[in-house]
A.B. asks: 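Structure provided below as structure tokens; questions to follow.
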Amino acid sequence: MQINEKYDFKDIEQRWQLRWDEEKTNKVTHEPGRPKYYVLEMFPYPSGRIHMGHVRNYSIGDVIARYKRMQGYNVLHPMGWDAFGLPAENAAMKRGIHPAAWTYDNIDYMRGQLKAMGLSYDWDRELATCRPEYYRWEQKLFLELLERGLIYRKETTVNWCDDCQTVLAREQVIDGTCWRCDQPVLPKTMHGWFFKITDYAEELLSDLDKLSGWPEKVVTMQRNWIGKSTGLACDFQVDGHDETITIFTTRPDTIHGVTFMSLAVEHPLLKTLTEGTPQQEAVERFVQETLIEKQRSSLDQEPDKKGVFTGRYCINPFTGDRVPIYAANFVLMEYGTGAVMAVPAHDQRDFEFAKTYDLPIKPVVQPKGDTLDPATMESASVDPGVLVASGDFTGTESEQAKVDIIAHAESQGFGKSHVTYRLRDWGISRQRYWGAPIPVVHCEHCGIVPVPENELPVVLPGTNEASGNHSPLHQQEEFIATTCPSCGKPARRETDTMDTFVESSWYFARYTSPRNEDGPVDKEAAKYWLGVDQYIGGVEHAILHLLYARFFTKLLRDLGYLEVDEPFINLLTQGMVIKDGTKMSKSKGNVVDPSDLIEQYGADTVRLFSLFAAPPERDLEWNAQGVEGASRFLNRVYRMVVQNLACFEAEASVDTATLNDASRALHRKTHQTIARVTDSIETNFHFNTAISGVMELVNQAGSSAGDGVDQAVYRETLETILTLLFPMVPHFCEELWTLSGHKEQLHFSSWPSFDAEAAKEDELTIVVQVNGKVRSKLQVTPSIGDDQLKELALNDEKVIKFMDGKEPKKVIVVKKKLVNIVI
RNA sequence: GCGAGCGUGGUGAAAUUGGUAGACGCACUGGACUUAGGAUCCAGCGAGCUAUGCUCAUGGGGGUUCGACUCCCCCCGCUCGCACCA
């Protein structure tokens, strides 16, 4: 065999990638009874080219996949494309091509880039969410959920851009204008489809406790997003009117301090209460002004508290007090009941409102060691304390009072214990073209009629043409016009498409049986593979994607497809790739194109650098010189192996009895390194320290080469280096493994285990401290006893000097580590 | 405002979880080899000083401890998330 003395990464990587492709090395099948491991990286949006964030994400995932494979697991490691979405439509408009053409071109290009990285995906499982083979099952799920009442339609106010003819998400509204065309965004009421995620709020919250493999930060963010509050829902009778107003409060203990009532401007009772009264005009004007202001206000600033008196009063059922009802700009219709009992003494917003409109402030909870005086209070007092001026409840601790007051309201029938969540139902309607069509028909006679299952998929029109009509669906008459599946008369198709988050909410389940034609998943395959043992992606998906995926897992479970409660057992949120202190982005002009790097250094070097520069969860500062360092290291190992091929003719096992010092030291270091690298990967995927461990071994192997090292030991060391590095730099190791005469590929080899006996040190370095400061070091045999060690330390020359003739007060011995002499 | 997290050399980072602070890499400095070196190899590399050694040093201050980057309290700075949630 011709051996190249130089590390020719281009040749090596191309050859191995071709071989992996041809031999389908990474293909994986469902093997009941064999332990499985499912590792998944968040699939990419096919935007055109991969970026450094992808490189990092997929390098991490690939190391884990290969590592677990070497440990004997049946590893599922799939890849696909989150392919629907607005950028395709924008690109299509700009370039005059079809969104499908743009998307599929990008997928082809990016697949090539991923293959050039040498990632061990089972490409036979690839999926793209924009294909009817995928979204037809999403449509089926939609219909099943619709039937179960978990999807419904309602009228809501949305942010509408008339210019773009579409609904905008809240974050797409910038200072009241559209992020894309800068035109004013208008509130518009329209019908939309909603998933009843609030039905699962409690389970989504309580199951967070099962996610011990998730970063605490993400769990906290989800908990806050769901936002559970317990309190009292209580009816206040409107004075001189039939209506009652129901409020929700988490502070029932302050109910005796209510001095007015605030309603959201959208509250339906506002109209009822003011119609035909002298206040009607003022209230209507205020409502209009507030609605406009809400639309306009930038998100980062709270407007001043404002309101208007409705002319009406209501009765506090606890005190019988008659308090004025206001419409107020700070009350949210979407949360609680849209009506708030105002306790200015104990709520900051109510306090500010009361100050503005000169309303009474009545303290009813006195914090310990403090007496609240309404005349001098500068802000609301929100601390717990003892109730005052609260009728029968006076003198009760506030926590107890909450319980007692709820109980009292329940016994009197005007209130009850109530739980409310911040989480709202998930609106999935999008007035866009490039998304999965919602499979229902609108019939004048029958209303909303589901498309029968045997007519699925409802295919997005025009996707089979290279270019063609891709205007929004509501402009495509040939798509819209249909017949009612129920009565057969002419009817119209739904023109909304689904939010792209729907596709990414169940793709991990589809990967377990991506070609299944009998349903969204094959139940047996799903049972075998799920949950995902390790999920990896950016923290920017900490709330929405991960919450929706959890929600869908529970839906699929309740529909009988899955048996797991949670989709992702362990979650790793990797940090961003930054350069010059900020995230890489086109607008900042600091992007580094991974393909250029792979061209220049090879995929293995790029992978090694991205794994070495920082632990996965931390941000990675891009550093071109660091890539050079990674390249240098691989070149060094290459030379070391190629120049020492002779050692591979030595015995595969080491005879420890005959080793000289250098050989024994290298043998020991080799086994210590196996232990250390395994531990670094096992405990927290800290590949940076794993790599530095291998570097140390390489350094020692290099420096002991001239010391007459036993060839069997040298062979063991080189084999260990290649095996340990394989998950990170697979082409490189596979090539050197073959060059050194191995028949079986590393891919099919086992992760090495370490020999504890070999790793044991002959000598220990014991630190000797005097009063906690290091004064000396002792070389001792590991078997030394504590007393002996103490003796040695006390007689040490340097120690004696620092003890300065004083008697030791206390001597602390830490096994195998140190002796501290306190004087 | 609320919540979470972070802060270690010139620099990316380590530190067996309370036991030698700075492993490993980058940069830098000196040397070797060389026609040449941006290759390779060797050595040095936290700061200060009265330098074979000592003192100081993990954002700042205090505490617990024989011993603190690590635990506790206060402050400063940065990052992220939520944001009038009653």
Side-chain angles (χ1 to χ4, degrees), chain A residues 6 215-225 227-229 231-232 247-251 254 262 264 297 299-305 328-332 334-343 346-350 352-353 420-424 539-540 542-543 575-576 608-609 612-615 617-630 632-633 635-636 639 675-676 679-680 683 686 688-696 698-699 702-703 765-777 798 808-823:
Chain A
K6 262 196 68 193
E216 190 60 38
K217 178 191 166 94
V218 176
V219 172
T220 304
M221 280 164 75
Q222 294 226 345
R223 184 170 287 123
N224 293 342
W225 187 261
K228 180 180 181 175
S229 297
L232 168 71
I247 59 94
F248 171 73
T249 181
T250 55
R251 290 296 303 274
T254 65
S262 313
S297 69
L299 288 167
D300 48 296
Q301 201 153 16
E302 285 174 18
D304 289 339
K305 307 286 177 287
N329 66 343
F330 62 91
V331 180
L332 303 172
E334 316 83 79
Y335 184 77
T337 60
V340 179
M341 66 173 209
V343 187
H346 303 295
D347 181 280
Q348 186 57 25
R349 294 151 302 183
D350 298 343
E352 288 169 29
F353 193 89
T420 191
Y421 300 89
R422 295 179 47 184
L423 184 69
R424 290 171 216 152
V539 74
E540 65 272 20
I543 298 177
M576 291 184 302
L608 187 70
F609 168 74
F612 179 59
E617 68 279 1
R618 208 184 299 196
D619 284 351
L620 185 155
E621 171 76 30
W622 176 256
N623 179 346
Q625 282 155 335
V627 186
E628 292 278 357
R632 205 178 298 165
F633 172 70
N635 274 288
R636 191 160 169 230
R639 262 179 276 125
R676 181 172 159 191
D679 188 63
S680 283
T683 50
H686 278 194
N688 55 332
T689 52
I691 293 166
S692 70
V694 178
M695 284 174 168
E696 282 185 38
V698 169
N699 288 346
S703 61
T765 303
I766 301 291
V767 171
V768 185
Q769 299 181 326
V770 178
N771 282 345
K773 286 192 171 145
V774 181
R775 297 303 184 189
S776 184
K777 288 169 191 179
K798 291 179 194 152
K809 213 188 276 174
K810 198 166 159 190
V811 179
I812 290 143
V813 179
V814 180
K815 279 220 176 335
K816 295 184 181 178
K817 276 191 184 134
L818 61 67
V819 179
N820 188 12
I821 299 161
V822 187
I823 55 171

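The figures that follow rest on heavy atoms only: side chains count, while hydrogens, waters and symmetry mates do not.
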A.B. asks: In whole angstrom, give me the gap between the P atoms of B:G44 and B:C71.
C.D. replies: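 One P to the other, the span is 34 Å.
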
A.B. asks: Ignoring backbone atoms, test whether A:Arg636 places a side-chain nitrogen or oxygen under 4.0 Å from the OP1 or OP2 oxygen of B:A39.
C.D. replies: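 For B:A39, OP1/OP2 do not have a side-chain N/O of A:Arg636 under 4.0 Å.
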
A.B. asks: I'd like the C1' distance from B:C28 over to B:G12, given in whole Å.
C.D. replies: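 Between the two C1' atoms, the distance is 15 Å.
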
A.B. asks: Treating A:Asp619 as the side-chain partner and A:Ala614 as the backbone partner, does any N or O pair qualify as donor plus acceptor under 3.5 Å?
C.D. replies: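 Looks like no, no N/O pair under 3.5 Å.
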
A.B. asks: Using only modelled atom types and a 3.5 angstrom limit, is any donor from either the side chain of A:Lys809 or the base of B:C66 paired with an acceptor on the other?
C.D. replies: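 No pair found.
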
A.B. asks: Counting only side-chain nitrogens and oxygens, does A:Tyr421 get under 4.0 Å of the OP1 or OP2 atom of B:C85?
C.D. replies: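 Looking at the OP1 and OP2 atoms of B:C85, neither is under 4.0 Å from any side-chain N or O of A:Tyr421.
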
A.B. asks: What distance do A:Lys815 atom NZ and A:Ile766 atom CD1 have between them, rounded to the nearest 0.5 Å?
C.D. replies: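 Interatomic distance, A:Lys815 NZ to A:Ile766 CD1, rounded to 0.5 Å: 10.0 Å.
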
A.B. asks: Which whole-number value in Å describes the distance from A:Lys816 NZ to B:G19 P?
C.D. replies: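 The answer, rounded to whole Å, is 16 Å.
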
A.B. asks: With heavy atoms under 4.0 Å as the rule, sort A:Asn820 into base, sugar-phosphate or nothing.
C.D. replies: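 Base, at least one base atom sits under 4.0 Å.
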
A.B. asks: Should A:Lys798 be listed as having a side-chain N or O under 4.0 Å from OP1 or OP2 of B:C54?
C.D. replies: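 For A:Lys798, the contact criterion (side-chain N or O under 4.0 Å from OP1 or OP2 of B:C54) is not met.
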
A.B. asks: With C1' as the reference atom in both, quote the distance from B:G22 to B:A14 in angstrom, rounded to an integer.
C.D. replies: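 After rounding to an integer number of Å, I get 7 Å for this pair.
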
A.B. asks: Looking only at side-chain N and O atoms, does A:Asn699 come under 4.0 Å of OP1 or OP2 in B:G25?
C.D. replies: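 Looking at the OP1 and OP2 atoms of B:G25, one of them is under 4.0 Å from a side-chain N or O of A:Asn699.
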
A.B. asks: With syn defined as a glycosidic angle within 90° of 0 and anti as everything else, classify B:U17.
C.D. replies: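 Syn, which is what one calls it when the glycosidic angle falls within 90° of 0.
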
A.B. asks: Which part of the nucleic acid does A:Gly227 contact within heavy-atom distance under 4.0 Å: base, sugar-phosphate only, or nothing?
C.D. replies: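 Answer is nothing: A:Gly227 stays at 4.0 Å or more from every strand.
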
A.B. asks: May I ask you to say what A:Asp619 touches in the nucleic acid, namely base, sugar-phosphate or nothing, with a heavy-atom cut-off under 4.0 Å?
C.D. replies: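 The residue A:Asp619 makes sugar-phosphate contact but no base contact.
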
A.B. asks: Name the closest nucleotide to the A:Pro615 side chain, picking from B:A86, B:U40, B:A14.
C.D. replies: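 Looking only at side-chain atoms, A:Pro615 lies closest to B:A14.
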
A.B. asks: Taking the P atom in each of B:U70 and B:G81, what is the distance between them to the nearest angstrom?
C.D. replies: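 These two P atoms come out 28 Å apart once rounded.
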
A.B. asks: Please state the P separation for the pair B:C85 and B:U79 - nearest whole angstrom.
C.D. replies: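 My reading of the P atoms in B:C85 and B:U79 gives 25 Å.
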
A.B. asks: Rounded off to whole Å, could you give me the CZ-to-P distance for the A:Phe612 and B:A23 pair?
C.D. replies: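 Going from A:Phe612 (CZ) to B:A23 (P), I get 12 Å.
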
A.B. asks: Taking the chi torsion of B:G31, is it syn (within 90° of 0) or anti (everything else)?
C.D. replies: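 Nucleotide B:G31 adopts anti.
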
A.B. asks: Atom CZ of A:Phe609 to atom P of B:C26: distance rounded to whole Å?
C.D. replies: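 Computing the A:Phe609:CZ to B:C26:P distance gives 12 Å.
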
A.B. asks: Take the protein atom CD of A:Gln222 and the nucleotide atom C1' of B:G3, then report the distance between them rounded to whole Å.
C.D. replies: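 Taking atom C1' of B:G3 as the reference, CD of A:Gln222 is at 15 Å.
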
A.B. asks: Answer syn or anti for B:A15, where the cut-off is 90° from 0 on the glycosidic torsion.
C.D. replies: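 Anti.
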
A.B. asks: Base, sugar-phosphate, or nothing for A:Val767, non-hydrogen atoms under 4.0 angstrom?
C.D. replies: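 Counting heavy atoms under 4.0 Å across all strands, the contact made by A:Val767 includes a base.
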
A.B. asks: Can you tell me if A:Thr420 touches the phosphate of B:A86, counting only side-chain N or O atoms and a distance under 4.0 Å to OP1 or OP2?
C.D. replies: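 No, A:Thr420 has no side-chain N/O under 4.0 Å of OP1/OP2 on B:A86.
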
A.B. asks: Kindly say if A:Lys217 contacts the phosphate of B:G5, meaning a side-chain N or O under 4.0 Å from OP1 or OP2.
C.D. replies: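 Checking B:G5 against A:Lys217, no side-chain N or O comes under 4.0 Å of OP1 or OP2.
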
A.B. asks: Is A:Arg422 salt-bridged to A:Glu334, going by a charged N under 4.0 Å from an acidic O?
C.D. replies: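 Here A:Arg422 does not pair with A:Glu334 in a salt bridge, since their nearest N and O are not under 4.0 Å apart.
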
A.B. asks: Is it true that A:Trp225 and A:Tyr421 have ring centroids separated by less than 6.0 Å?
C.D. replies: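 Ring-ring flag for A:Trp225/A:Tyr421: false, centres at least 6.0 Å apart.
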
A.B. asks: Counting heavy atoms from C-beta on, name the nucleotide in B:A86, B:U16, B:G81 closest to the side chain of A:Lys817.
C.D. replies: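 Out of B:A86, B:U16, B:G81, the nucleotide with an atom closest to A:Lys817's side chain is B:U16.
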
A.B. asks: Quick one: do the A:Thr689 and A:Ser680 side chains pair a donor with an acceptor below 3.5 Å?
C.D. replies: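 Side chains of A:Thr689 and A:Ser680: pair found under 3.5 Å.
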
A.B. asks: Output all residues satisfying side-chain hydrogen bond (donor to acceptor under 3.5 Å, both in side chains) with A:Gln222, sequence neighbours left out; order by chain, then residue number.
C.D. replies: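 Once residues adjacent in sequence are excluded, the partners of A:Gln222 under the side-chain hydrogen bond (donor to acceptor under 3.5 Å, both in side chains) criterion are A:Arg550.
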
A.B. asks: Using atom CD1 of A:Ile691 as one end and atom P of B:C26 as the other, report the distance to the nearest whole Å.
C.D. replies: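 The answer, rounded to whole Å, is 13 Å.
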
A.B. asks: Is there a side-chain contact between A:Asn623 and the phosphate of B:U11, meaning an N or O under 4.0 Å from OP1 or OP2?
C.D. replies: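 A:Asn623 to B:U11 OP1/OP2: no side-chain N or O under 4.0 Å.
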
A.B. asks: Would you indicate what A:Gln769 reaches in the nucleic acid, counting non-hydrogen atoms under 4.0 angstrom: base, sugar-phosphate, or nothing?
C.D. replies: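 Base, at least one base heavy atom under 4.0 Å.
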
A.B. asks: Looking at A:Arg349, I'd like to know whether one of its side-chain N or O atoms comes within less than 4.0 Å of OP1 or OP2 on B:A83.
C.D. replies: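 A:Arg349 to B:A83 OP1/OP2: no side-chain N or O under 4.0 Å.
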
A.B. asks: Would you mind reading off the distance between A:Arg775 atom CZ and B:G53 atom P, rounded to a whole angstrom?
C.D. replies: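 Atom-to-atom, A:Arg775 to B:G53, this comes out as 13 Å.
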
A.B. asks: Across the strands shown, which category fits A:Val539 at heavy-atom distances under 4.0 angstrom: base, sugar-phosphate, nothing?
C.D. replies: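 Here A:Val539 touches no strand at all.
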
A.B. asks: Please name all residues satisfying ring pair (Phe, Tyr, Trp, His ring centres under 6.0 Å) with A:Phe612, sequence neighbours left out, ordered by chain then number.
C.D. replies: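 Applying ring pair (Phe, Tyr, Trp, His ring centres under 6.0 Å) to A:Phe612 gives none.
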
A.B. asks: Of the nucleotides B:A15, B:C54, B:C41, which has the atom closest to the A:Arg639 side chain?
C.D. replies: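 Side chain of A:Arg639 sits closest to B:C41.
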
A.B. asks: Do A:Asn820 and A:Arg775 have side-chain N/O donor and acceptor atoms under 3.5 Å apart?
C.D. replies: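 No, no side-chain donor-acceptor contact under 3.5 Å.
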
A.B. asks: Determine the Euclidean distance between corresponding C1' atoms of B:U17 and B:G67; express it in Å to zero decimal places.
C.D. replies: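 Straight-line distance between the two C1' atoms is 15 Å.
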
A.B. asks: Find the distance A:Phe633:CZ to B:G12:P and express it as a whole number of Å.
C.D. replies: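 From A:Phe633 CZ to B:G12 P: 22 Å.
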
A.B. asks: If you look at every strand shown and take non-hydrogen atoms under 4.0 Å, does A:Val814 touch a base, only sugar-phosphate, or nothing?
C.D. replies: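 Result for A:Val814 = base.
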
A.B. asks: Kindly say if A:Arg223 contacts the phosphate of B:C82, meaning a side-chain N or O under 4.0 Å from OP1 or OP2.
C.D. replies: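 No.
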
A.B. asks: Which stems, defined as runs of 3 or more consecutive Watson-Crick or G-U wobble pairs with both pairing distances under 3.5 Å, involve RNA chain B?
C.D. replies: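 The stems that RNA chain B takes part in, listed by first number, are B:1-7 with B:76-82, B:10-12 with B:24-26, B:28-32 with B:40-44, B:46-49 with B:53-56, B:59-63 with B:71-75.
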
A.B. asks: Whether A:Arg618 contacts B:A14 is assessed here as follows: a side-chain N or O lying under 4.0 Å from the phosphate OP1 or OP2. Is that the case?
C.D. replies: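 Looking at the OP1 and OP2 atoms of B:A14, one of them is under 4.0 Å from a side-chain N or O of A:Arg618.
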
A.B. asks: Quick one: does any side-chain atom of A:Asn329 pair with a main-chain N or O of A:Pro303 as donor and acceptor, under 3.5 Å?
C.D. replies: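 Checked: no pair found.
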
A.B. asks: Taking the P atom in each of B:A23 and B:U34, what is the distance between them to the nearest angstrom?
C.D. replies: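 To the nearest whole Å, 33 Å.
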
A.B. asks: Distance check, C1' atoms only: B:G48 and B:G37, in whole angstrom units.
C.D. replies: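 Roughly 38 Å separates the two C1' atoms.
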
A.B. asks: Atom CG of A:Asn224 to atom P of B:G81: distance rounded to whole Å?
C.D. replies: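 Taking atom P of B:G81 as the reference, CG of A:Asn224 is at 14 Å.
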
